[in-house]
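What follows is a short report on a single structure.
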Amino acid sequence: MITRLCGGMLVLPDGCETKDLWIEGETILSLGAGPAADRRVDVSGCYVFPGAIDPHVHMGFAVGEFLSSDDFASGTLAAAFGGVTTILDFAVPEGNESISEALAKRITEATRVSCVDVGMHAVVHRSEPLLQQEIEACIQLGAPDFKTFTTYEGLRLTSPELLEVMTNVRAAGGLVMVHAEDDAGIQARQADLAARGSMSPMAHAESRPTDVERDAVREVLRLQAETDCPVHFVHISSAQSVEIIRNAQQRGRDISAETGPQYLLLDEGVYRRPEAVLFMISPPIKSRRDQGALWEGVQDRTLSMIATDHCPFTREDKMKYADYRKVPTGMPGVETTLPLMFTAWQSRGWPLEVLAQAVSTSSAKRFGLYPRKGVIAEGSDADLVIYDPSGLRAIASKDLHMNVDWSPFENAEVQGAVRDVWLRGMPLIENGGWVGGDAPGEFLDRCSRMKRV
Ligand SMILES: [Zn+2]
């Protein structure tokens, strides 16, 4: 079966070109010229992006007594509606489970029900006697990235533990991801705030200021220098961190970083809103000045990826406790990134190939999926988003598919909409409606092709 997409503006690595595109089976057969097609689809007037990759989501993630409200079924359906054809989620060991046991279980859980392709990162939350074997077992299972935390009780690694993980991961050819916020700094500020009786969402922001992120980023870079382990910083939120990471990259260090739409489009004013509790995420949303520095980081690719950290909780869950320390942190985002970022790009007049890099190509390259994913090229998976740039509309959570009753971007005006989505040559969405059948997503083994670009 050969399909010809006719008249679209293809967002290619070097720029946009109006060309037809041929799909055969699961892959892109050719661009610009091709054989007689069994099916023709008119996509004129639309951009054709490589399917977006969200390298940081948490479907059905347990946070204390709460569970993030999207499971793999609802979260990947929402992802597809947002033009995201690949998500990378996390496996967190529970109880005495080993890292690789948790990973195997999570892969099974995702593969049964997912609407888009799914890869998995393994979480290392304690030092293990069999760490090296566990890391190798995870790589065998298809997950070469190891997420670590410098904060959160039960997840946090000390510096010596993180050093050990980096040493072992480096030896195995993997990559370490880090949630960088300095735990001691947070604890001290939380104690201060408690003494003053501050329990509000604003106290959450005050307990995790930019210095807290900066100190952890510096410490991680110190450990990275000792081990030479490839490191990826998740959800960078502040100007100081961007500056430090940029300097390290310029010195040739193997470091990548992401930020998210919430940090690029919102500012700390959200913590003064009546519904401030909804916006509680970690790290918290920072100042306008930080926001400006993040955009500069995106522009010069210090922050090469835009990831959502999608981890929604319902209004009821978010509002259950008045004490900020008991509120589940996280917000929805996987479905809204592409329209929001397309709109932001248009307003800045930035080239769309840079948007494609930020929401797709860079993640594919860093996380071992390129060139199968992340690019419109002959032989790549036919993961495609047909984006119709015409018209303005307001984001409304009631129109979205995420299993949550609010959006941080409620009423935000966006330009255009996702019209069609293809996953490995299968139409998932046509004219804004689901046609993808039942759970077409597959697990992505990122190790048989473990090549970082
Ligand atoms: Zn996260």
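Counting starts at 1 for both ligands and their atoms, following the listed order. These values consider heavy atoms only, across backbone and side chains, with no hydrogens, waters or symmetry-generated copies.
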Tell me, with the steps shown, if Asp228 and Arg253 meet salt bridge (Lys or Arg N to Asp or Glu O under 4.0 Å). CA-CA 8 Å; Asp228 203 27; Arg253 306 269 295 271; over 6 Å; no
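With 3.5 Å as the limit, one finds a donor-acceptor pair spanning the side chains of Glu65 and Tyr321.
Closest non-hydrogen pair, Gln132 versus Ala172, comes out as NE2-CB, 4.0 Å. Nearest heavy-atom pair across Ser360 and Ile53 is O-CD1, 3.4 Å. Cys447 and Ile139 make their closest contact through SG-O, 3.0 Å (heavy atoms, listed as atom of the first residue, atom of the second, distance).
The Zn ion (ligand 1) has His56 NE2, His58 NE2, Asp309 OD1 as protein N, O or S atoms under 2.8 Å away.
Between Tyr152 and His179, the two ring planes are perpendicular [angle over 60°; tilted spans 30° to 60°].
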